[in-house]
Number of protein chains: 2
Amino acid sequence: MRRVPRPSGSKRGQAKPRAPGARRAPAGRPYHHGDLRRVLVEAAFELVGEGGAEAVSVREAARRAGVSPAAPFRHFASRDALLAAVAEEAQRRFRAEIDRALEQAPAGDPLQQFRCVGLAYLRWAMRNPTHFEVISSRRLFDHDGSAAVSSDNAGVIGLTERILQEAHAGGQIGTSDLKQVLIAGRALVYGYARMAIDGHFPRWGVADGEATAEAILDLFMSGIARRSGHS
Amino acid sequence: MRRVPRPSGSKRGQAKPRAPGARRAPAGRPYHHGDLRRVLVEAAFELVGEGGAEAVSVREAARRAGVSPAAPFRHFASRDALLAAVAEEAQRRFRAEIDRALEQAPAGDPLQQFRCVGLAYLRWAMRNPTHFEVISSRRLFDHDGSAAVSSDNAGVIGLTERILQEAHAGGQIGTSDLKQVLIAGRALVYGYARMAIDGHFPRWGVADGEATAEAILDLFMSGIARRSGHS
DNA sequence: AAGCATTGTAATCGATGCTTACATTCACGA
DNA sequence: TCGTGAATGTAAGCATCGATTACAATGCTT
């Protein structure tokens with residue numbers, strides 16, 4: 001049903017060398033896969049990359065892993081659970097990218113840090129649109145456990161919150177209502193990312209997207225900055 | 001497939017009075033429906049309201065219209081085409097709401113008009129989250145015709161653009177780069193709407209959402225306003 | 001080595017999107 | 001008025017999907 005055309009990939013031929021923990025490999029493929037869960041998540045992750053969340057099907061993941069259509073249900077209660085695992089993985093990578101950007105930012109300048117983080121955020125989103133989309137829909141996993149995604153996400157939020165607080169303490173922010181500045185900042189960045197992803201900027205290249213991203217961030221910073229000579 | 005549980009609604013019993021254009025009604029339901037296309041769009045529209053775009057199935061729409069599962073394909077080439085029609089309808093109502101808000105705004109004050117339009121935007125989005133989501137994904141219809149949605153949407157964009165230009169001409173905006181202000185404004189409003197819809201504000205009521213929406217809009221306006229005494 | 005829990009397979013169910021062949025009705029011209 | 005073609009409905013069927021159940025193979029613990 002509304003399936004992406006079958007890529008007919010990875011014929012299920014020779015078994016890949018299994019993870020440590022498997023013993024003998026008497027014939028072609030051993031009965032037990034070795035690390036099926038991880039392989040399924042990887043397959044689903046790739047499917048998201050190829051066609052978005054809608055292109056993820058349990059059966060295709062099983063096909064790519066070389067197992068029967070029912071096997072995945074030993075590891076995931078439902079298709080949504082599989083997608084949640086993909087979201088967890090994507091969130092992990094996203095978080096890592098943000099952390100890396102923050103490390104490379106100038107240590108003493110919170111506003112510049114904010115800019116770097118925001119830019120890394122937008123770059124990752126625009127270069128991994130489908131995975132960003134999977135991360136974004138809280139509806140998928142927020143209510144049924146899966147604390148990892150939420151915690152990683154809360155980490156990113158808390159990180160920007162800390163940065164903005166530092167900037168405020170340093171007298172670089174002109175308004176006092178920090179809470180709303182934070183929400184506005186999140187909304188601005190999130191909204192720009194989703195606009196790019198949702199196709200609101202037709203015929204834009206990545207270059208345009210990232211250049212405008214910088215401009216938007218600068219505009220935001222000048223909007224919240226303590227008044228001085230403006231642009 | 002990942003279907004919402006069948007609501008078993010509207011048993012297909014007595015035919016509703018058909019649109020003008022149908023002639024005799026010899027037995028229970030006439031062979032031709034009369035206005036199937038419209039009824040299908042209405043059914044799909046309701047399905048979107050009940051469970052989001054994912055809950056829309058051609059067969060369920062046919063069921064609710066009281067026709068065979070294949071009948072809808074006489075009017076829509078695919079499920080996506082049906083969804084596009086729903087998006088068109090939703091966009092129409094959204095646009096009407098925006099226009100209404102603009103009429104009620106003070107005539108001479110562009111910034112205030114911007115605030116009113118933005119608030120109406122956010123209110124509609126938060127009260128019709130699933131329909132807003134359907135409108136938002138340009139991917140669904142932007143590339144295959146369906147100019148109505150795009151044109152209505154461009155109308156809203158152009159409307160805000162005009163308002164901001166008036167504000168700029170009136171000297172109420174402090175920065176000169178109007179284009180980026182427009183994008184930032186769109187991103188901010190869109191982002192806030194999607195955050196609310198995507199569940200980034202757990203345990204918020206509509207009241208919280210709309211109150212914060214006002215605050216966000218005010219913050220944006222004060223951020224782009226010509227410098228004076230700030231909050 | 002025995003036995004139990006884990007993890008895979010086979011077969012199946014109900015649902016879906018979509019197509020093809022056929023049936024019915026409408027609209028319009030002779 | 002009466003046909004006849006176009007429009008619009010139905011029936012049946014295909015391939016795919018998520019999910020469940022019964023069964024088989026394996027790994028681990030004792």
Side-chain angles (χ1 to χ4, degrees), chain A residues 1-8 12 15 18-40 43-44 47 51 53-84 140, chain B residues 1-8 12 15 18-40 43-44 47 51 53-84 140:
Chain A
M1 157 189 191
R2 66 176 174 282
R3 181 86 289 106
V4 72
R6 185 105 55 77
S8 78
R12 90 168 281 170
R18 281 147 299 131
R23 297 291 174 75
R24 310 159 294 159
R29 202 180 64 263
Y31 190 86
H32 284 99
H33 186 287
D35 199 2
L36 181 55
R37 187 190 163 95
R38 175 178 312 274
V39 174
L40 286 172
L47 282 169
E54 298 201 353
V56 172
S57 86
V58 176
R59 296 178 104 100
E60 178 62 24
R63 225 170 273 133
R64 295 193 174 189
V67 296
S68 78
F73 290 94
R74 291 285 178 203
H75 300 271
F76 302 97
S78 67
R79 173 182 176 277
D80 277 3
L82 175 58
L83 266 182
L140 256 183
Chain B
M1 158 187 192
R2 67 177 174 280
R3 180 85 291 104
V4 73
R6 185 107 55 78
S8 78
R12 89 168 281 171
R18 281 147 301 132
R23 297 291 174 76
R24 310 160 293 158
R29 202 179 64 265
Y31 190 86
H32 285 99
H33 186 287
D35 198 4
L36 181 56
R37 188 191 160 94
R38 177 180 310 275
V39 174
L40 285 173
L47 282 170
E54 299 200 352
V56 172
S57 86
V58 177
R59 295 176 107 100
E60 177 62 23
R63 226 170 273 133
R64 296 192 175 190
V67 295
S68 78
F73 291 94
R74 291 287 177 201
H75 300 271
F76 302 97
S78 67
R79 174 182 175 275
D80 277 4
L82 176 57
L83 266 181
L140 256 182

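Chain naming here is simple, since letters A, B, ... match the order of the sequence lines and numbering starts at 1 in each.
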Roughly how many Å is it from [atom1] in [X] to [atom2] in [N], rounded to a whole number?
X: A:R74; N: C:dT9; atom1: CZ; atom2: P; value: 11 Å
X: A:L40; N: D:dG18; atom1: CG; atom2: P; value: 12 Å
X: A:F76; N: C:dT6; atom1: CZ; atom2: P; value: 17 Å
X: B:D35; N: D:dT8; atom1: CG; atom2: P; value: 11 Å
X: B:L82; N: C:dC18; atom1: CG; atom2: C1'; value: 14 Å
X: A:F73; N: C:dA11; atom1: CZ; atom2: C1'; value: 15 Å
X: B:L83; N: C:dT16; atom1: CG; atom2: P; value: 15 Å
X: B:R37; N: D:dA7; atom1: CZ; atom2: C1'; value: 14 Å

Closest listed nucleotide, where the reference is the side chain of A:A70 and the choices are D:dG18, C:dA11, C:dC18: C:dA11
Candidates D:dG18, D:dT10, C:dA11 - which lies nearest the side chain of A:R79: D:dG18
What pairs with A:R38 under side-chain contact (heavy atoms from CB on, under 4.5 Å), at least two apart in sequence or on another chain? A:D35, A:E42
Are the side chain of B:R59 and the backbone N or O of B:P69 linked by a donor-acceptor pair below 3.5 Å? no
Under 3.5 Å: donor-acceptor pair, side chain of A:R79, backbone of A:V56: yes
Heavy-atom nearest nucleotide on DNA chain D taken for B:L36 and for B:R59; more 5' hit belongs to B:L36
